Amino acid sequence: MLNKLIIDAECQLENNFSEIDNIALINQQKILNAFKKNEIALRHFTNTNGYAYGDSGREKLNQLYADVLQAESAIVSNNICSGTHALTIALFGLLRPNDTFISISGIYDTLESVINGSNDSDIGSLKDFNINHIEIKLLPDNSINYNKLRETLISKKIKLVFIQRSRGYSWRNALSLDDISEIVNCVKSISPDTIALVDNCYGEFVDTNEPTQVGADIIVGSLIKNIGGGLAPTGGYIAGKNNLVSQCGNRLTAPSIATEIGCNPDGYQYYYQGLFMAPHIVCQALKSCMLFSAVYSIKKYETLPQITQKPNDIICSIKFGNKEKLIDFCTQIQYSSPIDSFVTPLPWAMPGYNDEVIMAAGCFIQGSSIELSCDAPIKEPYIAYLQGALTYEHAKLTLNNCLDKF
Ligand SMILES: *Cc1c(COP(=O)(O)O)cnc(C)c1O
């Protein structure tokens, strides 16, 4: 029996859902057009080994991503291990000693050590290479601090501005494409040569455009989130202006070898198929996220996005205000997973994260957060960050289990 709250919430969400369906339709068309234009054929799925010179599966996939993201070029690689790895390649590829870059909407926890290193040793962070980082914090109402941004761009030579699209572990909504466009315009009007880089994790296909279409020079993301469609088993991508992507290629492998090599011993089928599925899978995730938000807001918890807001990433934040409730919630998510449903998640110290983190992730692909999963740093006000669901039905059943418990 479905809990009545779910049925009530679904009624409230009719308009939200039709808007989400429409976004998926537009993105599906864009992707289908790119597949046709690039004449993708079964032979592009073939596995390769060794250096993989002339690997047409790799080359076509790069071109396909570039077309879908409307970028000049793209690198898509199974040899990129995670989103953090992709961002690390991009930052080290683009920045040089004594350069200064700024971040203006937060940086994901795992990038903290990449940028600022660790107190006690040289771990090869950007700081260890004398690359300076200035963090411009969001204003108390979570808007961009434009005054500080302008002032910094005028007073210093800034090589790159780092824009995080998703919310990370903070109580705010993700940036919209209009927000990103406004930031990029502001940066370029003062300093046209400053590179605008967007951490696009969790952002692909939530809207009908991507940051590259509103002026971002380069965007970076993970394939085990939105754009891999739940099928890509690993990988990351970097897309944008030719000269910038090529610098990242030099960092990915070796200067001058760049993207001429890089094999895939398992073949490319799931990378192509995942991209094809991605608009639909993101649609499922967005609906799941709105459903959890609507139900918990009926239950008087604070949630983001609210149902009056357009989701700008695939995450639903729920403020539990209580450690036990938060842990119970994550536990129910885990118990409702297809994989490892018999495992109880515990708060744990994780590499790259500052606080203890609890992660419910009973996924087919380890850590995949386009699959229904939930993570939360164990700190006040005890916010759960829920994301994904490959199918809306799975999210609905999971929510029903959560409501049975509390
Ligand atoms: C997921 C994510 C990353 C990368 O995380 P990985 O776990 O290394 O893939 C970076 N930035 C944001 C905003 C993210 O959501």
Side-chain angles (χ1 to χ4, degrees), residues 76-92 103-116 125-126 133 135 138 142 161-176 179-180 183 197-206 210-211 216 218-230 232-239 248 252 274 278 282 285-286 289 304-305 311-317 348-355 357-361 363 365-377 383-388:
V76 188
S77 179
N78 52 290
N79 296 308
I80 298 177
C81 310
S82 68
T84 305
H85 186 195
L87 287 158
T88 301
I89 292 166
L91 290 170
F92 276 94
S103 56
I104 52 156
S105 51
I107 45 167
Y108 198 66
D109 288 37
T110 55
L111 283 176
E112 184 62 39
S113 318
V114 175
I115 295 173
N116 294 316
S125 67
L126 290 166
H133 171 237
E135 176 166 20
L138 292 169
N142 286 323
V161 173
F162 184 99
I163 305 161
Q164 179 182 292
R165 183 171 177 185
S166 183
R167 70 193 67 192
Y169 285 144
S170 63
W171 186 256
R172 66 170 177 96
N173 279 315
L175 299 182
S176 68
D179 296 329
I180 293 173
I183 295 166
L197 180 151
V198 175
D199 173 353
N200 206 27
C201 285
Y202 287 134
E204 300 91 355
F205 309 134
V206 305
E210 293 300 326
I218 189 155
I219 63 176
V220 183
S222 161
L223 302 199
I224 63 167
K225 293 182 178 173
N226 305 19
I227 201 165
T234 183
Y237 77 89
I238 298 169
C248 297
L252 170 68
V282 169
L286 287 172
C289 143
L304 284 177
N312 292 317
D313 62 13
I314 59 158
I315 301 172
C316 167
S317 314
W348 214 258
M350 302 273 298
Y353 293 86
N354 291 328
D355 304 286
V357 184
I358 185 166
M359 293 197 167
C363 300
I365 292 166
Q366 190 185 62
S368 165
S369 42
I370 186 65
E371 299 185 41
L372 185 58
S373 53
C374 183
D375 42 65
I383 300 167
Y385 297 89
L386 178 93
Q387 59 266 320

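Treat the numbers as computed from the prediction; the structure is a model and nothing was measured. Whatever order the structure lists ligands and atoms in, that order sets their numbers, starting from 1.
Protein residues are said to neighbour a ligand when one of their heavy atoms lies under 4.0 Å from it; for ligand 1 these are S82, G83, T84, L87, Y108, Q164, S166, D199, C201, Y202, K225.
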Audit row: D313, R165, salt bridge (charged side-chain N to carboxylate O under 4.0 Å, His left out) steps and yes/no: CA-CA 8 Å; D313 62 13; R165 183 171 177 185; over 6 Å; no
Audit row: S103, H133, side chain to side chain contact (heavy atoms under 4.5 Å, CB included) steps and yes/no: CA-CA 8 Å; S103 56; H133 171 237; 2.7 Å; yes
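For S113, there are no side-chain hydrogen bond (donor to acceptor under 3.5 Å, both in side chains) partners two or more places apart in sequence or in a different chain. Here H85 pairs with nothing under the side-chain hydrogen bond (donor to acceptor under 3.5 Å, both in side chains) rule; sequence neighbours left out. The salt bridge (charged side-chain N to carboxylate O under 4.0 Å, His left out) test applied to E112 returns no partner, not counting sequence neighbours.
Only one option out of I219, D179, I183, D199 pairs with I163 in a side-chain contact (heavy atoms from CB on, under 4.5 Å); it is I183.
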